[in-house]
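These notes are about the structure you will find just below.
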2 protein chains.
Amino acid sequence: MFGELDPLLLSQLRLAVMSYLVVTREAEFNVLKEKTGSTAGNLSVQIAKLQEAGYISVEKTFRNNYPLTICRITAAGVQAFESFFEDLKGYLEPDEKSPELD
Amino acid sequence: MFGELDPLLLSQLRLAVMSYLVVTREAEFNVLKEKTGSTAGNLSVQIAKLQEAGYISVEKTFRNNYPLTICRITAAGVQAFESFFEDLKGYLEPDEKSPELD
DNA sequence: CAAATTTACTTTATAATATAAAGTAGTTTG
DNA sequence: CAAACTACTTTATATTATAAAGTAAATTTG
């Protein structure tokens, strides 16, 4: 089951990040950390994966001499997010094919 | 005594930094930290003072996603460093005026 | 001149992210 | 089912920065 769902979004934290960004479009690392309640290390890793997939872009700068990381959702990210939920709907409203039970 | 000496160079750590930079011209934060044996916090503060005085320029970037701080000595810095030692010589070879002893 | 301030330097703690290592869990394989 | 692999999470440590606290030296004050 869940065979078709985008594995990159099938993760609590990554999905939370994407859900937030799909609305706000962009957010600072710290904000994402607070909103998702994740640890910095974990968030850093998951952000890197979303970036690698092209779902978000990441800008690293400095603010008041401290490192500042800003994340923005990309068109591909929005697309992937929407597809994810359409795929999900497929599970909620099953068609003629009955799902295989193992 | 020591009335004329540049107060910005009359500091163990700042002088050590300048002494190193006057030879190498530029150095990374970490290298300065090792060479001077200082703590990161202290070095950060003293670098800021040298920069404020225009004796060094500071570039902040990222290397392998980690913050990287590069310090470079400026012409004014070289000038100040040389003047400092000329002033010092004045104390080693006193002229006709005898120093005031308090 | 001794006490009280002030000033400056240093250390220590904490902030903002990143990577690496270690722990956990779920899944696949033999 | 035990062994191995995956993936996610937490924890420790890496880079620097600022703020707070400690120390010391110099200067003002009474």
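Note that the structure is a prediction, hence the values are computed from the model and not measured. Below, each value reflects all heavy atoms present in this structure, side chains not excepted, and no hydrogens, waters or symmetry copies. Residue numbers start from 1 in every chain, and the chains themselves are labelled A, B, ... in the order their sequence lines are given, proteins ahead of strands.
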TODO: Could you list the residues that satisfy ring pair (Phe, Tyr, Trp, His ring centres under 6.0 Å) with B/Phe81, not counting sequence neighbours?
DONE: B/Phe85
Task: Partner set under side-chain contact (heavy atoms from CB on, under 4.5 Å) for B/Thr74, not counting sequence neighbours - done: B/Ser57, B/Ala76
Open item on the list: Once side-chain hydrogen bond (donor to acceptor under 3.5 Å, both in side chains) is applied, do any residues pair with A/Thr69, and if so which ones, sequence neighbours excluded?
Closed with: none
Enumerate all atom pairs, one protein N or O and one N or O from nucleotides 6-8 of chain D, separated by less than 3.5 Å.
from: D/dC8; atom 1: OP1; to: A/Arg14; atom 2: NH1; distance (Å): 3.4
from: D/dC8; atom 1: OP1; to: A/Arg14; atom 2: NH2; distance (Å): 2.7
from: D/dC8; atom 1: OP2; to: A/Lys49; atom 2: NZ; distance (Å): 3.0

Open item on the list: Who clusters with B/Tyr66? Use side-chain heavy atoms, under 4.5 angstrom, across I, L, V, M, F, W and Y, and order the result by chain and number.
Closed with: none
Task: Value in whole Å for how far the P atom of D/dA14 lies from CD of B/Glu28 - done: 16 Å
Open item on the list: By the 4.0 Å heavy-atom rule, please label B/Leu68 as base, sugar-phosphate, or nothing.
Closed with: sugar-phosphate
Open item on the list: I'd like to check B/Leu32 versus B/Cys71 (side-chain heavy atoms, cut-off strictly below 4.5 Å). Are they in contact?
Closed with: yes
- [ ] Could I get the full list of side-chain contact (heavy atoms from CB on, under 4.5 Å) partners for A/Gln51, not counting sequence neighbours?
- [x] A/Ile56, A/Val58
- [ ] Can you tell me the distance, in whole Å, between the CZ atom of B/Phe29 and the C1' atom of D/dT18?
- [x] 12 Å
- [ ] Starting from P on D/dA14, measure out to CG on B/Asn30 and report it in whole angstrom.
- [x] 10 Å
Task: Side-chain heavy-atom pair A/Glu86, A/Leu88 within 4.5 angstrom cut-off - done: no
Open item on the list: I'd like the 5' and 3' limits of the part of DNA chain C contacted by chain B, with heavy-atom contacts below 4.0 Å.
Closed with: C/dC9 to C/dT19
Pairs of donor and acceptor atoms involving the side chains of residues 17-30 of chain B, under 3.5 Å and at least two apart or interchain, shall be tabulated with distances.
from: B/Ser19; atom 1: OG; to: B/Leu15; atom 2: O; distance (Å): 2.7
from: B/Thr24; atom 1: OG1; to: B/Tyr20; atom 2: O; distance (Å): 3.2
from: B/Thr24; atom 1: OG1; to: B/Glu26; atom 2: O; distance (Å): 3.3
from: B/Arg25; atom 1: NH1; to: B/Val22; atom 2: O; distance (Å): 2.5
from: B/Glu26; atom 1: OE1; to: B/Arg72; atom 2: NE; distance (Å): 2.8
from: B/Glu28; atom 1: OE1; to: B/Arg63; atom 2: NH2; distance (Å): 3.1
from: B/Glu28; atom 1: OE2; to: B/Arg63; atom 2: NH1; distance (Å): 3.0

Open item on the list: Please list all pairs meeting salt bridge (charged side-chain N to carboxylate O under 4.0 Å, His left out) that have one or both residues in residues 47-58 of chain A, counting only residues at least two apart or in different chains.
Closed with: none
Side-chain polar contacts of residues 40-48 of chain B - donor-acceptor pairs under 3.5 angstrom, sequence neighbours left out - could you list them?
none

TODO: Scan residues 54-66 of chain B against DNA chain D and write down, sorted by residue number, each residue with any heavy atom closer than 4.0 Å; if none is found, say none.
DONE: B/Lys60, B/Tyr66
TODO: Indicate, with a heavy-atom threshold strictly under 4.0 Å, whether B/Thr39 touches base, sugar-phosphate, or nothing.
DONE: base
Task: For B/Leu68, the rest of its hydrophobic cluster, which grows through side-chain links under 4.5 angstrom - done: B/Ile70
